[in-house]
2 protein chains.
Amino acid sequence: MTATTTNKELHENAQQMCVSSHLRYTETRRKILETLSKASCALDIEQVVANTKGLAQSSAYRNIEELRKAGLIAAMAVASEPTKYELSDQLAHHHHHLICSSCSSVSDFELSGDAEEKLHSWLEAVSKKQGFSMTGHSLDIGGMCSACS
Amino acid sequence: MTATTTNKELHENAQQMCVSSHLRYTETRRKILETLSKASCALDIEQVVANTKGLAQSSAYRNIEELRKAGLIAAMAVASEPTKYELSDQLAHHHHHLICSSCSSVSDFELSGDAEEKLHSWLEAVSKKQGFSMTGHSLDIGGMCSACS
DNA sequence: TTGCTTGCAAATGATTTGCACTGCT
DNA sequence: AGCAGTGCAAATCATTTGCAAGCAA
């Protein structure tokens with residue numbers, strides 16, 4: 001499975017993943033993914049609803065949860081803020097987060113291919129030793145963003 | 001600041017940190033930290049209250065939040081489970097988490113000193129480039145624990 | 001038809017807050 | 001005295017759920 005780059009690829013991959021999870025690829029779900037795809041960072045429910053025409057909040061919660069279980073969407077909780085959602089690594093590029101402990105803003109970064117590979121091998125070794133079957137990892141930097149300091 | 005190993009060190013460091021954040025180091029706070037210190041993994045509010053004699057739930061929330069802002073406690077949110085709390089890296093050993101996406105259980109692991117150093121230097125470089133002042137990082141492995149698979 | 005999806009409104013559950021009181025400093 | 005810290009109960013806010021109607025396979 002490759003990360004999607006074009007809108008068309010996004011929907012093709014998404015549809016595939018929905019089908020294999022026995023989910024219908026409805027208009028609503030398509031629109032939610034498109035909203036997340038357009039966003040430059042993770043969005044909370046309010047933002048998803050605001051940026052998706054004709055989406056009820058309960059449907060947003062329900063669909064995001066289904067899509068999350070199917071691996072299309074990743075959820076991230078920051079402090080006691082509402083949960084933020086973004087496309088999963090399977091639908092977008094693998095990346096990590098810088099989280100400001102003051103304003104709770106989140107921005108993205110990527111490690112070099114080399115670093116990412118090395119990290120992956122460390123984590124794979126740890127998982128193996130503990131009998132854990134790893135499906136992914138997350139790496140956050142905590143601190144103060146430039147706006148807050 | 002060194003990670004604490006003995007109970008005495010824990011309270012000495014904790015008191016210091018409270019003082020410098022203009023917080024009183026009360027009996028209640030001392031008991032909460034002791035509860036977290038005894039635990040083998042992160043605890044949710046219910047568990048903290050259950051394991052701390054004479055602690056009101058609202059006091060638990062209020063104190064944990066104060067202690068979190070002062071850097072004594074780390075909070076972690078897993079899926080839509082209640083938030084879990086543990087001693088911060090400043091009061092305990094720096095470590096990372098294995099999170100089971102099926103049962104939401106959390107266990108700990110450490111990287112080798114070498115790996116941890118390398119990781120730190122990568123993150124420091126990223127932060128510098130983005131004008132972010134890093135105070136720490138977190139690294140989670142996601143997947144299926146041995147009990148669930 | 002059959003059962004997944006949806007929107008609305010009501011319910012739930014975690015977390016926060018108002019208030020009066022206690023206890024450091 | 002003066003203000004941080006406390007317990008209790010009430011309030012708030014994100015998230016979940018029941019239900020009746022809509023829509024896709």
Can you tell me the distance, in whole Å, between the CD atom of Glu81(A) and the C1' atom of dA14(C)? 15 Å
Between the main-chain N or O of Ala75(B) and the side-chain N or O of Thr83(B), is there a donor-acceptor pair closer than 3.5 Å? no
Once you round it to whole Å, what is the distance between P of dA14(C) and NZ of Lys84(B)? 12 Å
Does Thr83(A) make a side-chain N or O approach to OP1 or OP2 of dT15(D) shorter than 4.0 Å? yes
Heavy-atom contacts under 4.0 Å between residues 61-70 of chain A and DNA chain D, which residues? Tyr61(A), Arg62(A)
At under 4.0 Å, does any side-chain N or O of Ser58(A) touch on OP1 or OP2 of dG7(C)? no
Looking only at side-chain atoms of Arg24(B), point me to the closest of dA4(D), dT6(D), dA24(D). dA4(D)
Phosphate contact (dA14(C) OP1 or OP2) by Ser80(A) side-chain N/O below 4.0 Å: no
Rounded to the nearest Å, what distance is computed from the CD atom of residue Glu27(A) to the P atom of nucleotide dA25(D)? 13 Å
Between Arg30(B) and Tyr25(B), is there a donor-acceptor pair closer than 3.5 Å when you use the side chain of the first and the backbone of the second? no
Is the backbone N or O of Leu33(A) less than 3.5 Å from a side-chain atom of Ser37(A), with the two atoms forming a donor-acceptor pair by type? no
Ignoring backbone atoms, establish whether Thr26(A) has a side-chain N or O less than 4.0 Å from OP1 or OP2 of dC4(C). no
Donor-acceptor under 3.5 Å (Arg29(A) side chain, Asn63(A) main chain): no
Ser88(B) (side chain) donor-acceptor with Gln90(B) (main chain) under 3.5 angstrom: yes
No-hydrogen, no-angle side-chain donor-acceptor test under 3.5 Å, Glu116(A) and His137(A): yes
What integer distance in Å separates Tyr25(B):OH from dT25(C):C1'? 19 Å
Using a 3.5 Å distance criterion without hydrogens, assess whether the side chain of Glu117(A) forms a donor-acceptor pair with backbone atoms of Asp114(A). no
Measure the distance from CD on Glu46(A) to P on dA14(D) and round it to the nearest whole Å. 7 Å
Rounded (10°) bend between the five-pair end axes of the helix from dT1(C)-dA25(D) to dT25(C)-dA1(D): 40°
Quick one: do the Thr28(A) and Ser59(A) side chains pair a donor with an acceptor below 3.5 Å? no
Quick note, Ile45(A) side chain, CB onward, closest among dC8(C), dT17(C), dT15(D) is dT15(D)
Is any NZ, NE, NH1 or NH2 atom of the basic residue among Arg68(B) and Glu65(B) found under 4.0 Å from an Asp or Glu carboxylate oxygen of the other? yes
Using a strict cut-off of less than 4.0 Å between a Lys/Arg side-chain nitrogen and an Asp/Glu carboxylate oxygen, indicate whether Glu34(B) and Lys31(B) qualify as a salt bridge. no
Value in whole Å for how far the C1' atom of dG2(D) lies from NE2 of His22(B): 18 Å
Length of the line joining Arg29(A):CZ and dA24(D):P, which is rounded to integer Å: 13 Å
Without decimals, in angstroms, what is the distance between Arg30(A) CZ and dA24(D) C1'? 15 Å
Minimum-distance nucleotide to Gln57(B) side chain [options: dT15(D), dT15(C), dT6(C)]: dT15(C)
